[in-house]
Amino acid sequence: MPGGMDLKNEVFQSSTCALCGACLDWCPYIANMEDHLVMRFDCNVGEGRCYAVCPRTYADWQAIGDRYLPDTPRNIEIGPYFNVFRVKAAAGIKGQQDGGTVSNLVKTIMEDELAQAVLLTGSEDHVTPEPFLAVDIDDIEKAAGSRFLASPGLRKIIEAQANKVQKLAVVGRPCQIQALRKMDFNRRPDKPPLDLITIGLFCMWSLGWDFNEYLQKNFPGEKILSLGIPQHGFVVKTDKGEHILPLDEVKKFNKAGCGYCLDMTSELADISVGAFEAEKGWNTVIVRSAKGQELLDKAVEKDYLICADYPEEELNRLKGASIGKKNRNLNNIQAAFDKGVKPFIDLNSEMYAQVRKLAEGMVK
Amino acid sequence: MEWMITADEPGRTYLMQGNEAIARGALEAGIRFAAAYPGSPSSEILAMLGHVAEKMDLYAEWSTNETCALEACLGASFARVRSLCIMKQNGLLVVGDALHSASLSGVKGGLVLVVADDPSAHSSTNEFDSRHQARSAGLPMLEPANMQEAKDMVKWGYELSEQLQQLVMVRTVTRINHGRSSVSLGELPKEKPDPVTIGEWDRMVAINWFKDAQIAKIDQAKSIFETSPFNEYKGPEEPDMIIVTCGTGWLYSSEAVEALGLRDRIGILKIGTTYPLPEDFIVKHLLKTKKVLVIEEVDPFLEQNIAGIIAYHPELQVELLGRYGGKAMPRNGELNPDIVRNTLARLTGTAFTGPETAVIPPEEAVALPARELTFCAGCPHRASFFLLKQTLRIQEGQGVVMGDIGCYTMGGQRAGHYLYNFLCCMGGGINAAEGMGQLTRFGFKQPVLALAGDSTFFHSCLPGLVNAKYHDSNMLFVVLDNSATAMTGFQPHPGIGQTAMGKAAEPISIKKVAEAIGCPVTVADPFDISGTTSKVYDLLKQPGLKVLILKQECATLVVRKREKPRVWVDQELCRGDDCGCGRFCSRIWGCPGNIWDYEAGKAKIDEVVCVGCGVCISLCPAGAIKMEGGGACG
């Protein structure tokens, strides 16, 4: 496994970095500010943990899926899953977006001590994300709502290890769930396995931090209260009112690294949570492992969550959206590889051929 | 025992450092005024004079720069007060204009300018030979060959200066300034004249009308030098070769002639009055031989002035050898007794049979690892360079960094992660940055930074800051304020609040000065690596001129003032070579306090060297470095 300079050349400099944060804080060579991630100095370590954990360096994702979700029925569109539900909170949590599912799953984890800490992302100014390790139920409120700017939250894994956290729950973006699996998959044999519960989020893209400057320039002096995409358009709520930005305008700030992502629904998580497009106030929940099912059951048992069947046409729509993202970004990846970016997936594998075929079918 | 530089013991011999001898010579001459800007190897002289100033009834100051110092001495001289000005060779270039002007106006009270050269540039950016300035400005120059002469020449320099009504220069080199030898004391004056009243029609004006007077003065100096006891010939009446030498070259040559048993074949013509040369005296002696070897430090100055004499005197039929062309002698670098002896042995076909100087038998020789210059343990510059380097990497705009002169010059090497793209002279950084910062109008996109220390800020950055502000250059000016002129030994400067005489003064705030010029100023702590990195990052996004003061006191001063906290590595937490960082703390961060425990395979703190700044604590990814006790930092 190569080292830091390879990570620098293959990932940082080719802008494929997803800003998951897995490489950060273990190593003093890698520095971060806002959404910039760089090598402070040239590193001469031949084999780096940084390279081994990166979701944008080569990995056999099928093998990784087989290791962590061995009994789960495969699905080419949205990854391995047992069940898909629509879910919502029985009672709201302040600041929640959509159904409040994630907040209640985290609450359940804490109450039942399924983990000693939960990696969440909050934001004091409702724009710039700040990852933190939550240990208290009161902490959950700080993380309610959606973040649109990418943040290297997985750096906190190091802090969790330093705090001797044995069991950790993580709420993360698809790239972060991938990195967590890779972290364990490539761990040295003398190191103990990671004991994790992973709640994966749906993610189409993240924004670069220059979006923050854009907001400040366009709404000077206004205090931002929340960002969201309720239906169409990007809604910025401020102390002066509500602004709707065209989605295409916002997408200009997409992080380049997100254009190489083939995972919309956190396909390697124990349980994945996203919006339920058909009806406001609900979430889509994909259960992928026994651990994930157990967590959902407990939250329902406690009457925190209400769980309902998932409409067939919505599932098809979800799968279509996921295939759409995969297909778009496969094209980006192909273009990047053509330009000399070192291949981090095997584009010739059967899986991607199927994605292309499904995408073609959708167009027809 | 009374300190020898003020001892009233005429005739008594002491072992004296050259710089002590110079100070003593000036005291024997009855100076009442001394001014200098510090710079190795000259720095001790004014420090000593400041120390004894009150007792010896004189005024001494660390001037803000060399021009301030020389012109201050001119002011004192106008009132017929004897004054001493001291600087290193770089400083002499700073005063170039003043020097060339003063030689036209001349002086009234004796004014001696001691300039200390640094052959091989041990503690300088160049080894400029200050003798060129004496010739260029048309000023007499003396060059002592030992510590006794250093004292005597300075003292005599005042008589010469007042006789000629001209500034007199004394050139020394590192081995004279910092070497020690016997010096026999002279008398200290019982009384010193008070300053005279400047009359309505008294003038000291530098203008070219006085060029003839200046030439007359240098011609008069030449005729005085013809009989000066500082010039002498020793050797046979018909030598195979004459060595013409000055300064330390005289000692090296005498030793070489002795060691090679050449006393009967080689003569030594020692010149103490380097400029203007005593032409008749030299011609008289060179007529004795057919071969001349010139031995001198730095440039072939004496050699080429003798070449000039030879050209005007066809009766001299000699082969001239020296540093010119680098054939007989090395063209640059400091000389030593071995180089001179080996040169002489080669030129005379003599074998040297004695022991080589400092030769270690091969079986006892140990290969020393190459060591680069580095910052002291706990030095704030290390943190400043670290955070600037990482900010420039994060910023991704390939920032260009203009360096300057001070301890932080070492930041251009590994100690500062090779941060500099540019280095010139004191005050050079801000001006180069101003120029480059103007290129944004032509599409130049890289951020431009200039660095300067606090002493350098006052020394030569003020006009540059005014220039950069007035023309609104796109640049970040970073003042590395460690509250010290650390490189040269902690001489006070205008920001410190103390004078050379140990008196309190109102310190001048760099922040207020920069703000008064109209610059937006940010003050940050370089020890707060992440916080200050954010500040620099934000500053680099802003257009126009920005000033950032990175303020943290020099570790060498801090450690004298406060109780040192204990810093140690919890080796349980240290990941050792598992860190994946290739021993970042001891290798990349590079503080001499961070060392490697080879037995444990873990990091370790050298608790003797560590001053407890605590920066490495914030850098260790495993949180393995701990601190307890001690006084607060900064």
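Chain letters run A, B, ... following the sequence lines, proteins first and then strands; every chain starts at 1.
Expressed to the nearest 0.5 Å, how far CD1 of A:I30 lies from CD of B:Q390 amounts to 12.5 Å. Here the NE2-CZ distance, from A:H36 to B:R393, works out to 15.0 Å after rounding to the nearest 0.5 Å. Put simply, CD on B:E396 and CD on A:Q13 are 9.0 Å apart, with the number rounded to the nearest 0.5 Å.
Enclosure of atom CZ in A:R67 by more than 12 non-hydrogen atoms of other residues, nucleotides or ligands within 6.0 angstrom is indicated. Enclosure of atom NZ in A:K217 is not indicated, since only 12 or fewer non-hydrogen atoms of other residues, nucleotides or ligands lie within 6.0 angstrom. Annotation: B:Q398, atom CD; neighbour count of heavy atoms from other residues, nucleotides and ligands within 6.0 Å does not exceed 12. Annotation for B:E628: atom CD counts as buried by contact number, over 12 foreign heavy atoms lying within 6.0 Å.
Residues that satisfy the side chain to side chain contact (heavy atoms under 4.5 Å, CB included) test with B:T409, not counting sequence neighbours, are B:I405, B:L423.
Aromatic ring orientation, A:Y29 versus B:F584: perpendicular (interplanar angle above 60°, classes split at 30° and 60°).
Closest heavy-atom contact between B:P621 and A:D25: CB-O, 3.2 Å. Contact record, A:W26 with B:R575: O-NH1, 2.7 Å, taken as the closest heavy-atom pair.
Contacts of B:T391 with chain A are absent, with no heavy-atom separation under 4.5 Å from either backbone or side chain. Proximity to chain B (any heavy atom under 4.5 Å) is shown, for A:D42, by both the backbone and the side chain. Only the side chain of A:E213 comes within less than 4.5 Å of a heavy atom of chain B; its backbone N, CA, C and O stay farther away. Contacts of A:R40 with chain B are made by both backbone and side-chain atoms, with heavy-atom separations under 4.5 Å.
Of the listed residues A:R188, A:Q161, A:E159, the one with more heavy-atom pairs under 4.5 angstrom with chain B than any other is A:R188. Of the listed residues (A:E34, A:M39, A:R49), the greatest number of heavy-atom pairs within a distance under 4.5 Å of chain B belongs to A:E34.
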Please assess B:Y418 against A:F41 for the test ring pair (Phe, Tyr, Trp, His ring centres under 6.0 Å), listing each intermediate value before the final yes or no. CA-CA 10 Å; B:Y418 308 101; A:F41 310 106; 10.0 Å; no
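Residues of residues 592-605 of chain B lying within less than 4.5 angstrom of chain A, judged on heavy atoms, are absent.
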